[in-house]
Amino acid sequence: MRILTLTPETQSNILENLLKRSPNSYGEYESRVTDIVNSVKEQRDAAVFEYTKKFDGADINADNILVTQQEIDEAYEKVDPKLLDVIRKALVNIRSYHEKQRQTSWFDSQASGIILGQKVTAIEKVGVYVPGGKAVYPSSVLMNVLPAKVAGVDRIIMTSPPGRDGSICASTLVAAKEAGVDEIYKVGGAQAIAAMAFGTESIPKVDKIVGPGNIYVALAKKAVFGHVSIDSIAGPSEILVLADETANPRFVAADLLSQAEHDEMASAILITTSRTLAEQVSDEVDRFVAELSRKEIIQKSLDNYGYILVAETLSDAVNTANEIASEHLEIVTKNPFEVMTKIRNAGAIFIGEYSSEPLGDYFAGPNHVLPTNGTAKFFSALSVDDFIKKSSIISYSKDALEKVYKDVMQFAECEQLTAHANSVRVRFEDSE
């Protein structure tokens with residue numbers, strides 16, 4: 001990996017390079033995605049079936065688009081019992097973590113005759129997109145479905161692209177069944193997002209769409225936002241390790257590569273105060289890459305978006321980490337919890353040398369759907385909050401309104417909204 005001295009110039013150049021990975025930078029795909037979305041909106045099932053044949057090579061129709069119970073039963077027979085056991089253990093951890101995020105409605109009743117409050121209501125229908133083909137992510141099923149279940153969503157439907165034989169990966173189906181998905185449809189890509197956004201003869205319209213996907217899926221979610229809600233427009237995966245001379249270079253190298261293997265556009269960055277560690281990590285990375293199965297993808301990721309930055313002080317390192325605002329941030333320093341208090345921007349924070357990033361991907365419980373491309377400065381991890389709505393509650397008695405109605409009228413008249421002022425005035429016109 002390239003080793004650079006951290007300066008304002010190198011920081012600026014790296015931030016500029018990382019922004020090239022954003023889905024917002026891929027305008028040449030937008031017209032294609034727009035065509036697909038509009039076709040599905042207008043032609044509904046017919047367009048869905050046509051695109052599924054074109055892109056996935058599968059003959060899908062109204063009779064076989066919905067996954068049957070028989071197909072789910074067959075999936076259970078194919079899945080290794082040890083994997084099923086792990087899925088169930090992870091499910092417990094994820095559900096338990098998200099249960100702590102639940103919010104409840106509240107009401108504040110005052111003696112003056114005023115009742116204020118907030119009513120919390122789960123979204124009624126949610127669509128979950130799960131990648132297929134070469135990408136098999138049963139962990140993403142759990143991470144997207146379980147917070148919706150905990151929130152109390154009434155109906156959860158899932159879409160995933162089928163293989164040429166018209167089937168969906170067995171582990172994906174099993175994870176969906178275990179998590180509590182209500183319906184699973186065999187459709188992927190931008191056409192799946194459009195189908196869930198607008199509804200077709202076979203696929204119901206939902207209120208919100210969540211889940212990861214390729215550039216077509218990301219841009220389709222962007223295109224339908226407003227017709228439905230979405231979780232986020234996610235970019236390629238990324239990891240930043242913040243380390244000092246106490247870190248184990250072999251551990252750090254292994255963790256950097258855990259994200260670099262995702263995608264040629266994935267980013268892996270080490271910021272350290274130790275040049276010795278920097279050189280050791282670089283050597284360990286070379287040794288690992290030579291033996292790992294996805295070495296071609298890893299190498300391209302490192303060549304394009306991999307960096308080792310040597311900072312003069314830990315404060316400089318922390319400031320740069322906050323500017324990058326990485327999806328995953330590992331802190332491997334002498335006092336990692338103290339450093340954690342200085343982190344303002346990160347999707348998920350992993351503290352200490354045994355808190356390896358894949359714990360968050362699969363098992364620990366916190367959600368692995370995280371903000372990317374610097375959006376951790378203003379976005380959070382997927383949570384129960386993403387599957388609820390909040391309605392304000394206002395109730396005034398006559399006596400309570402009488403004490404303040406002239407104040408309300410003055411505000412309204414200041415804005416020249418006389419109908420607003422009249423709305424409260426008419427309630428007391430007999431007494432004026």
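Predicted model, so just to flag it, every value in this text is computed and none were measured. Numbering starts at 1 and runs along the sequence shown.
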Asker: Using the ring-ring contact (aromatic ring centres under 6.0 Å, His included) criterion, which residues pair with Tyr396? Sequence neighbours excluded.
Answerer: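 In terms of ring-ring contact (aromatic ring centres under 6.0 Å, His included), with neighbours along the sequence ignored, Tyr396 is linked to no residue.
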Asker: Applying side chain to side chain contact (heavy atoms under 4.5 Å, CB included), can you list everything that pairs with Ala176, at least two apart in sequence or on another chain?
Answerer: Val141, Met158, Val181, Ile184
Asker: Quick one: do Thr159 and Ile193 satisfy side-chain contact (heavy atoms from CB on, under 4.5 Å)? Show the steps, please.
Answerer: CA-CA 8 Å; Thr159 62; Ile193 302 301; 5.7 Å; no
Asker: Only distances under 3.5 Å count here; give the side-chain donor-acceptor pairs of residues 291-298 to other protein atoms, sequence neighbours excluded, each with its distance to 0.1 Å.
Answerer:
from	atom 1	to	atom 2	distance (Å)
Arg294	NE	Glu261	O	2.8
Arg294	NH2	Glu261	O	3.0
Lys295	NZ	Ala290	O	2.8

Asker: Taking only distance into account, with no hydrogens and no angle test, what donor-acceptor pairs under 3.5 Å do side-chain atoms of residues 74-87 form with protein atoms, sequence neighbours excluded?
Answerer:
from	atom 1	to	atom 2	distance (Å)
Glu74	OE2	Gln70	NE2	3.2
Tyr76	OH	Glu178	OE2	2.6
Asp80	OD1	Lys82	N	2.8
Asp85	OD2	Lys89	NZ	3.4

Asker: Between Tyr29 and Tyr216, what is the ring plane arrangement, given parallel below 30°, perpendicular above 60°, and tilted in between?
Answerer: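 Perpendicular.
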Asker: Do you know the tightest heavy-atom contact between Pro371 and Phe379?
Answerer: CG-O, 3.6 Å
Asker: Looking only at non-hydrogen atoms, find the nearest pair between Lys221 and Ile209 and report the distance.
Answerer: CE-O, 4.2 Å
Asker: Does a side-chain N-to-carboxylate-O contact under 4.0 Å join Glu323 and Arg344?
Answerer: no
Asker: Is Asp154 paired with Lys125 through a side-chain N to carboxylate O contact shorter than 4.0 Å?
Answerer: no
Asker: With sequence neighbours left out, write down each residue that passes side chain to side chain contact (heavy atoms under 4.5 Å, CB included) with Ser315, or none if nothing qualifies.
Answerer: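 Partners of Ser315 under the side chain to side chain contact (heavy atoms under 4.5 Å, CB included) test: Thr313, Asn319.
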Asker: Do any side-chain atoms of residues 240-253 form donor-acceptor pairs under 3.5 angstrom with protein atoms, and if so which ones, sequence neighbours left out?
Answerer:
from	atom 1	to	atom 2	distance (Å)
Asp244	OD1	Thr246	N	2.9
Asp244	OD1	Thr246	OG1	2.5
Asp244	OD2	Lys334	N	2.9
Asn248	OD1	Arg250	N	2.9
Asn248	OD1	Phe251	N	3.2
Arg250	NH1	Glu284	OE1	3.1

